[in-house]
Amino acid sequence: MGESSLESSLKKKQKEPEKMVESTEAIIYVNGVRRVLPDGLAHLTLLEYLRGSSAFETSFRHYAINACLAPLYSVEGMHVITVEGLGNCKRGLHPIQESLAQSHGTQCGFCTPGFVMSMYALLRSNQTPPNEVQIEECLAGNLCRCTGYRPILDAFRVFAKTNDIPYTGISSASIQGNSIICPSTGKPCSCGSENVSDIHNNKERITSNDNRYEPVSYNDVDGSKYIEKELIFPPELLLRKSSSLTLNGFGGLKWYRPLSLQDVLDLKAKHPDAKLLVGNTEVGIETRLKKMQYPVLMSVVDVPEFNVLSVKHEGIEIGAAVRLSNLMKFFSKIITERAAHETSSCQAFLEQLKWFAGTQIRNVASVGGNICTASPISDLNPLWMATRAEFRIIDCNGNIRTTMAEDFFLGYRKVDLTSSEILLSVFLPWTKTFEFVKEFKQAHRRDDDIAIVNAGMRVDLEEDKNGNWVVADSSIVYGGVAPISVSATKTKEFLIGKIWNKDILLHNALELLLNDISLKQDAPGGMVEFRKSLTLSFFFKFFLWVSHQIVGEKFIENCFPSSYPSAIQTSFHRPTVTGSQDYEITKHGTAVGSPEVHLSSRLQVTGEAEYVGDTPLAPNGLHAALVLSSKPHARILSINDSGAKLSPGFVGIFLAKDVPGDNKLGPVIADEELFATEFVTCVGQVIGVVVADTHENAKLAARKVHVDYEELPAIFSIQDAINARSFHPNTERRLEKGNVDLCFQSAQCDKIIEGEVQIGGQEHFYLEPHGTLIWTVDSGNEVHMISSTQHPQNHQMYVSHVLGLPMSKVVCKTKRVGGAFGGKETRSAFLAAAASVPSYLLDRAVKIILDRNIDMMITGQRHSFLGKYKVGFTNEGKVIALDLEIYNNGGNSLDLSHAILERAMFHSDNVYEIPNVRILGRVCFTNLPSNTAFRGFGGPQGMLIAENWIERIASELKKRPEEIRELNFQGEGSILHYGQQLQHCTLAQLWDELKLSSDFLKACLEVDRFNSHNRWRKRGVAMVPTKFGISFQVKLLNQAGALVHVYTDGTVLITHGGVEMGQGLHTKVAQIAASAFNIPLHAVFISETSTDKIPNASATAASASSDMYGAAVLDACDQLKARMEPVALQHNFNSFAEISSIQISSEAFMLYSWQVHVMWKRIDLSARGFYVPPYPGFDWETGKGKPFRYFTYGAAFAEVEIDTLTGDFHTRAVNIIMDLGFSLNPAVDIGQIEGAFMQGLGWVALEELKRGDGAHKWIPPGCLFTCGPGSYKIPSANDVPFKFDVSLLKGHPNAEAIHSSKAVGEPPFFLASAVFFAIKDAIRAARAEVETNDWFPLDNPATPERIRMACLDEFTTFVSSDFRPNLSI
């Protein structure tokens, strides 16, 4: 091919060697402020330096990046813009921030700055306004656990504008001179294009109670205060000449930034083991999570020779440091400029890159870094190999050699590079006429996820004299099936020379692939059967796709049934998300019933909202890290802390012997140890705590503590516990109604079925990890703490207990929590207690913030369940009897598992009338970290078991499940299996309205029609109801306190016992107070929750907090109004607002207010409210009572589409309707419904916990494999239903709660099971294609593995029809 431009450039430079000019001064700008970075910080990331997500700007290009991965010195010479640099509450919000706040796009707020910065980077990097697809794509790397994403998409959709007029009041044509309008603000800046066309503005309607979202205008929002220009690229950096950097870091770390290839080669010769960096996306993970050490790091991002993108006659030359986002743009450009047959490879790479990580990673990750990492699941390496790419390698002497991509990968993360060599560039040849390249990938989650299996396939066809297409060359390469990307060589050899046809080539190639790509049963990663099926499915898809490319539909129709083209579509076409929110506003006073925004929303969108991690540590403060067990069950033989004591920054280690008070803890019974003494009973059990001067030093010292064990037998699964009779003591529960045995023996039941339901657990994945800052006051006489918890009183109790102090000397405060969902109800307290020991003994402040992987490993998850049912029913489908055994996996301590089991038993009927019921429940003791509360508290598990046997009945009777559901509905006056009578039951009305609004019968017909025309894609629909009981199940917890202060300026301060964790509790409580006093909402403030203000408060849980704390605040307000009323009547004041006004005379300021008059009368303007809801109670001795005050009802419709060959799925439509009485705040309630639904969608279809047990022997025993976002996948914005409609039932007040409202936090969660059962409906259609119509189990989560393996076809013949993928329960 001749000499490349890189080679000629290098030869020229070798003739004139230049000495590298080094600098130790690193300059950056942060939000317009110049900073000089001192030497010695090479070990830090940008996040550790700045705190917060950032966008960075260089050469007028803006990129969103992950600050937690970006090395600090990598942004030298750049302008770092954080969310604080956009706008704030003092000087005004940026329009992006304002739109997000006003659209209810923030709840807990912890993820909000990341979304803001991703959108900001998109707007400022685009020369023209982005479209809606680009907006959704730019958010792919951002995760939210609260909102359900829909309001975020709505908020940002308004920026998909095509005309500047709505933003500036002037047209683009009238802009003077060279001024350029920023797409994000409509104000002059340096980021846009001077040629902005005037295109007609397209307004998309998103209904919200008949309101419309329109493109945001500067005058439409409160951004009018935002008067500053966008931050520009600093002239100093623009004029400053880049220089090489030589800097240092902790532990002797060296950081180099060379600017030329020769400098790189010289440094490589001097440091053969130096690690080359561009984006640090892999090395950052290795050093931070895998604890790998690289003493020399070399950033090559600014070396021109590594950034080449050159079009040549034979193909494309791609520098090793080219960022993936730039490569995507380059490929897009090439595809439009070159002949289509030349760019088949480019098209394949472009499609694969769309699903490669998220925008923030692609913005910094490089081509060479991805190649040299040699990951066996690399999305790109199979394509490099399949496309005959060549890798150009240079050594320290400047010698260049070339190797084929397929020869480059030698073993697991081993490549054909010596210590003196560097990957210089990649050469990608053009494809020829009738040469086709295709990419494939299947992951757990479509967006921003690593592959389970991927592939790159190429075939070169030639037409012979008989008109047949003959394979001249081919390449079939898979990732995710071996330690390296592997070529199916036998299949390739077979294909060459064969005629491209179905009967011989396709059939034989599929048979060969089974042996060509072999996976052992215990292969790392598991899912062996699924991965095998994907290798076959991908090739089948490739065969059909190539056939279609040759002669179009005609070839397929001649060889296959007309329903086969559905397999060609390799990915779903995803429209932009649309939705409606339908509710009525029932106002009560000034604020109650109004759809107000979250009170903290403006602080959250600006990054000003403070969390535990943001709280500054005192100058002598310490950081804590836990010493954790590495064994699931063992006797501790010895603890050696000598290594820790020599660790840098080490201050102390504290074990059980150091605990001043009691080492035994527990929220219900004291069956846990703060620090393990003799035995450990799970991986991750706390043995001790280390404190050091920094967070990293504390973790390093903790890792150096060596513990010797004597291992003991361990139990992990529910079934193993049942077999071993391993149950927590005194946890057996029974509920009975009627006579089950007699019913089964009589002729009442026409049919009887038996089965098992396995239900997987779920990680809370709150965005803010567990954290506490604790310090002593008066030399240890008092202890104060700030904690991320749902239950401050529990923290107070635990800390006082382990320190031996009275609770009156311990104070816990919580301002806000960045998500909790039950996970911070009990499992956060032992962490505060652990940190309290060194804080108390050393008399120094201690902060403990768990890393994500540790948080997931030790704090427990949603309980997995096993249900064993026996159901009798009539031929019509009427349920007569239910006999149910129900077990949950409690883990190594009881925690709340018993109460969770009880609620599951209460909800095991869901909404169905069953005359005869017997339920037996037990809590299993296993050697896993104690599982704990999670949204729904066992209710969803009980209901899911019920819906499974409902579906089983429908299958037996050949009816739709919805018929069986409706036939068995409970109604007004129904007596439940625990004796409670239903009152004000709105189930039937909800169901009928949902059937009408979703046009269910039509949807069923359309799905059937689609399925009959598509063999490899199937759709399914389902409607599912729910009934969720509202109350704490323990009487003493049903109480609430509040403290209300009225000040002389007419403002109100409230403190109550509930915690704001994103659910809008403070907002609703403030609305109640505002309406009580008839004052505007902005006159009410709630600062924090504190145990020294409201004592003995219950946890913020059970969906009951708005009911209880709202009523407590109302009680306090009523007391104050009663005190002030005589004064108001005496002075003829008509309203609180009127008498709170300030009047100014010419002589002096005179404050004429009700409050001043009241003070003159010496009337107390502070009141403590208290509320005790009615609780008739429940008696487990008799199994009868009224455990719930009332029920929240709901129903959901879902339609899905699955790819039967891969298990991929999309939710096409969701329609939810709920009875929430008269909503206190319909906007907040809609947000809770959508957020709960999306979290539930994760539980039923995406989120799978995998740990070392009998089902996953490739994982170390007892260890959690899915302990981070890399392996555990919560829903992303890409998983939001295409059409997402939510309605609130109208005209049904609830007499049992404040202002006729109903609780909302937990009840909607289970409605996501409609997606689960719609998936099962689609699988049924797939199985019908092979005439398999029998009942089949589908465990949750219905991951791609479970979906695909349940869809029987010719590519799954190596497993039985009742194959059930492994599940950790």
Side-chain angles (χ1 to χ4, degrees), residues 610-626 651-652 654 658-663 665 667 674-675 686 689-691 695 698 766 768-818 820 823-850 855 859 1055-1061 1087-1100:
E610 293 183 359
Y611 302 84
V612 173
D614 301 313
T615 309
L617 195 58
N620 69 337
L622 301 172
H623 294 264
L626 302 174
V651 174
F654 301 85
D658 303 305
V659 175
D662 195 343
N663 193 48
L665 296 170
L674 176 62
F675 300 136
V686 180
V689 62
V690 169
V691 287
H695 180 58
Y766 26 72
E768 179 199 22
H770 281 286
T772 287
L773 171 60
I774 191 163
W775 66 95
T776 56
V777 177
D778 285 346
S779 299
N781 188 51
E782 299 175 47
V783 174
H784 289 212
M785 75 190 96
I786 299 171
S787 294
S788 178
T789 178
Q790 295 173 241
H791 198 182
Q793 190 262 350
N794 202 37
H795 280 226
Q796 177 193 29
M797 182 176 66
Y798 270 41
V799 169
S800 71
H801 187 69
V802 301
L803 297 184
L805 294 174
M807 290 179 65
S808 57
K809 291 188 175 183
V810 178
V811 177
C812 180
K813 298 184 178 185
T814 300
K815 191 168 191 65
R816 62 176 59 84
V817 176
K824 296 177 181 177
E825 183 174 348
T826 59
R827 302 315 295 167
S828 55
F830 78 91
L831 300 168
S836 74
V837 174
S839 177
Y840 181 75
L841 294 177
L842 298 174
D843 202 18
R844 296 169 71 175
V846 171
K847 178 184 281 190
I848 182 168
I849 305 288
L850 296 189
D855 191 305
T859 60
T1055 303
H1056 60 84
V1059 172
E1060 176 58 57
M1061 46 198 178
S1087 177
E1088 63 185 7
T1089 305
S1090 180
T1091 58
D1092 62 350
K1093 304 297 189 301
I1094 305 297
N1096 312 318
S1098 300
T1100 304

### Task
For E768, check salt bridge (Lys or Arg N to Asp or Glu O under 4.0 Å) against everything at least two apart and list the hits.
K824
### Task
Calculate, to the nearest 0.5 Å, the distance between atoms CG and CD1 belonging to L831 and I774 respectively.
11.5 Å
#### Entry: Check: G1058 main-chain N/O paired with T1089 side-chain donor or acceptor under 3.5 Å
yes
### Query
Mind checking what makes side chain to side chain contact (heavy atoms under 4.5 Å, CB included) contact with I786, not counting sequence neighbours?
V612, T615, W775
### Query
Are any of the side-chain heavy atoms of I848 and L626 separated by less than 4.5 Å?
yes
### Task
Work out which heavy atom in S1087 is nearest to a heavy atom in K815; give both atom names and the distance.
O-NZ, 3.1 Å
### Task
Using the test salt bridge (Lys or Arg N to Asp or Glu O under 4.0 Å), find all partners of E1088 that sit at least two apart in sequence or belong to another chain.
K813
### Task
Give the minimum heavy-atom separation between T814 and S787, together with the two atoms involved.
OG1-O, 2.9 Å
#### Entry: Atom pair OH (Y840) and CD (E782), whose distance is rounded to the nearest 0.5 Å
12.0 Å
### Task
Taking atom types as modelled, find out whether T826 and H791 have a side-chain donor-acceptor pair closer than 3.5 angstrom.
no
### Query
Any donor and acceptor pair, going by atom type alone, linking the side chain of Q790 with main-chain N or O of A1099 inside 3.5 Å?
no
#### Entry: Closest non-hydrogen atom pair between A832 and T772, with its separation
CB-OG1, 3.7 Å
### Query
If every non-hydrogen atom of I849 is compared with every non-hydrogen atom of H695, which pair is closest and at what distance?
O-CE1, 3.2 Å
### Nearest non-hydrogen partners of A829 and Y798, listed with the distance
CB-CD2, 3.4 Å
### Donor-acceptor contact present, side-chain R816 to main-chain Y611, <3.5 Å
no
### Task
For side-chain contact (heavy atoms from CB on, under 4.5 Å), just list the numbers for L674 and V686, CA-CA rounded to whole Å, side-chain angles, deciding distance to a tenth of an Å, and then say yes or no.
CA-CA 7 Å; L674 176 62; V686 180; over 6 Å; no
### Message
Return the OG to CG distance between S828 and L850, rounded to the nearest 0.5 Å.
### Response
10.0 Å
### Message
For H1056, give me all partners under side-chain hydrogen bond (donor to acceptor under 3.5 Å, both in side chains), at least two apart in sequence or on another chain.
### Response
H1066
### Side chain to side chain, V811 and V777, heavy atoms closer than 4.5 Å
no
### Query
If you round to the nearest 0.5 Å, how far is CG of D843 from CG of N620?
8.5 Å
Return a table of donor-acceptor pairs under 3.5 angstrom between the side chains of residues 799-808 and protein atoms on other chains or two or more places apart.
{"from": "S800", "atom 1": "OG", "to": "Q796", "atom 2": "O", "distance (Å)": "3.2"}
{"from": "S800", "atom 1": "OG", "to": "M797", "atom 2": "O", "distance (Å)": "2.9"}
{"from": "H801", "atom 1": "NE2", "to": "D662", "atom 2": "OD2", "distance (Å)": "3.3"}
{"from": "H801", "atom 1": "NE2", "to": "K664", "atom 2": "O", "distance (Å)": "3.0"}

### Task
Could you tell me whether the side chain of S839 and the main chain of S836 form a donor-acceptor pair under 3.5 Å?
no
Extract all donor-acceptor atom pairs below 3.5 Å that involve side chains of residues 1091-1098 and protein atoms in other chains or at least two apart in sequence.
{"from": "T1091", "atom 1": "OG1", "to": "C812", "atom 2": "N", "distance (Å)": "3.0"}
{"from": "D1092", "atom 1": "OD1", "to": "S1090", "atom 2": "OG", "distance (Å)": "2.3"}
{"from": "S1098", "atom 1": "OG", "to": "L1037", "atom 2": "O", "distance (Å)": "2.8"}

### Residue pair A624 / A698: nearest heavy atoms and the distance that separates them
C-CB, 4.1 Å
### Query
Rounded to the nearest 0.5 Å, how far apart are NZ of K847 and CG of L617?
6.0 Å
### Message
Is any side-chain heavy atom of N794 closer than 4.5 Å to one of T789?
### Response
no
### Message
Do V837 and F675 make a side-chain contact, defined as non-hydrogen atoms from C-beta onward lying under 4.5 Å apart?
### Response
yes
